[in-house]
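Input: a single structure, listed below in structure tokens.
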Amino acid sequence: MMQRICDLYLSELVGPDLLKDVRFVDSAFILGEKAVSGYLGLNAPRLKLIPLVVSLRKKRVSCYSVPIEYRDCASITEQYALSIAQHSVERQNCVKVGTNPLGAGAPPNVWSFSVAGFEDAGRVAGRMIMIDRVDGHVWGYEEYEEYMYDYNNLY
């Protein structure tokens, strides 16, 4: 099986003192003097990034290992993802699609939206829907769990 090439995504500003180990994952990485966030521009095998993600999370840094196609080819805008989400939930008799329930710490490979619907007793039920940023498909819970574990060692 071919190894997926990934980048490291930082959900928040992170100082250079916490990023010193990145050079062991991608020798081309140049550590600057300022805090950074977002994609670091790495091109590293998925398995090499997992220990770095685990180490940074132990230091309370919100970060994700993300396949590079999400960095390089993400074409689904948040507005378009919202329309996909609304269309999808209408078919499930849900009544409202709202804002991102995960906030700035959400994985960068999906757009996530809160969803409110009705259970059989008429009570409002809360949940969320995730839309892929590259191709616009709706992520299922299993796909989300698999990504979080296989790429970030989170369960």
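- Residues that satisfy the side chain to side chain contact (heavy atoms under 4.5 Å, CB included) test with Pro51, not counting sequence neighbours, are absent from this structure.
- Taking CG of Leu19 as the start and CG of Leu8 as the end, the distance is 7.5 Å to the nearest 0.5 Å.
- Distance check: Asn109 CG to Tyr147 OH gives 4.0 Å after rounding to the nearest 0.5 Å.
- The side chain to side chain contact (heavy atoms under 4.5 Å, CB included) search around Thr77 returns Gln79, Tyr80, not counting sequence neighbours.
- Connectivity analysis of hydrophobic side chains (ILVMFWY, heavy atoms under 4.5 Å, direct or indirect) links Val54 to Leu47, Ile50.
- In this structure His87 satisfies the side chain to side chain contact (heavy atoms under 4.5 Å, CB included) test together with Arg91, sequence neighbours excluded.
- Counting heavy atoms from C-beta on, the side chains of Pro108 and Tyr70 never come closer than 4.5 Å.
- Residue pairs meeting the side-chain hydrogen bond (donor to acceptor under 3.5 Å, both in side chains) criterion with at least one partner in residues 15-25, sequence neighbours excluded, are absent.
- Of all non-hydrogen atoms in Val138 and Ser88, the two that sit nearest each other are CG2-OG, 4.0 Å.
- Of all the heavy atoms in Leu18 and Val61, the pair that sits closest is CD1-CG2, 3.8 Å.
- Under the ring-ring contact (aromatic ring centres under 6.0 Å, His included) criterion, the residue pairs touching residues 15-47 are Tyr9-Tyr39, with sequence neighbours excluded.
- The list of salt bridge (charged side-chain N to carboxylate O under 4.0 Å, His left out) pairs with a residue in residues 131-155, not counting sequence neighbours, is empty.
- Under a hydrophobic-cluster definition in which Ile, Leu, Val, Met, Phe, Trp and Tyr are linked whenever side-chain heavy atoms come within less than 4.5 Å, directly or via other members, Leu10 and Leu49 are assigned to the same cluster.
- Cluster annotation: Tyr151 is connected to Met130 through the hydrophobic network of ILVMFWY side chains, with a link wherever side-chain heavy atoms come within less than 4.5 Å.
- Residues Leu56 and Val53 form no side-chain contact, since every pair of their non-hydrogen atoms from C-beta on lies 4.5 Å or further apart.
- Hydrophobic clustering (side-chain heavy atoms under 4.5 Å, transitive across Ile, Leu, Val, Met, Phe, Trp, Tyr) groups Val66 together with Trp139.
- Counting only residues at least two apart or in different chains, salt bridge (charged side-chain N to carboxylate O under 4.0 Å, His left out) contacts with residues 61-83 comprise Arg4-Glu69, Asp7-Arg71.
- For Ala85, the side chain to side chain contact (heavy atoms under 4.5 Å, CB included) test picks out Val97, Phe113, Ile129, Ile131, with sequence neighbours left out.
- Taking the side chain to side chain donor-acceptor pair (under 3.5 Å) definition, one finds that Asn153 meets it with nothing, sequence neighbours left out.
- Applying the side-chain hydrogen bond (donor to acceptor under 3.5 Å, both in side chains) test to residues at least two apart or on different chains, the pairs with a partner in residues 52-66 are Ser11-Ser62.
- A donor-acceptor pair is defined here as one N or O able to donate and one able to accept, closer than 3.5 Å; no such pair exists between the side chain of Asp26 and the backbone of Ala44.
- Following chains of ILVMFWY side-chain contacts shorter than 4.5 Å, one can reach Tyr144 starting from Val134, so the two form part of one hydrophobic cluster.
- Listed by chain and number, the residues in a side chain to side chain donor-acceptor pair (under 3.5 Å) with Gln86 amount to none (sequence neighbours excluded).
- There is no path of hydrophobic side-chain contacts, each under 4.5 Å, that joins Val36 to Ile68.
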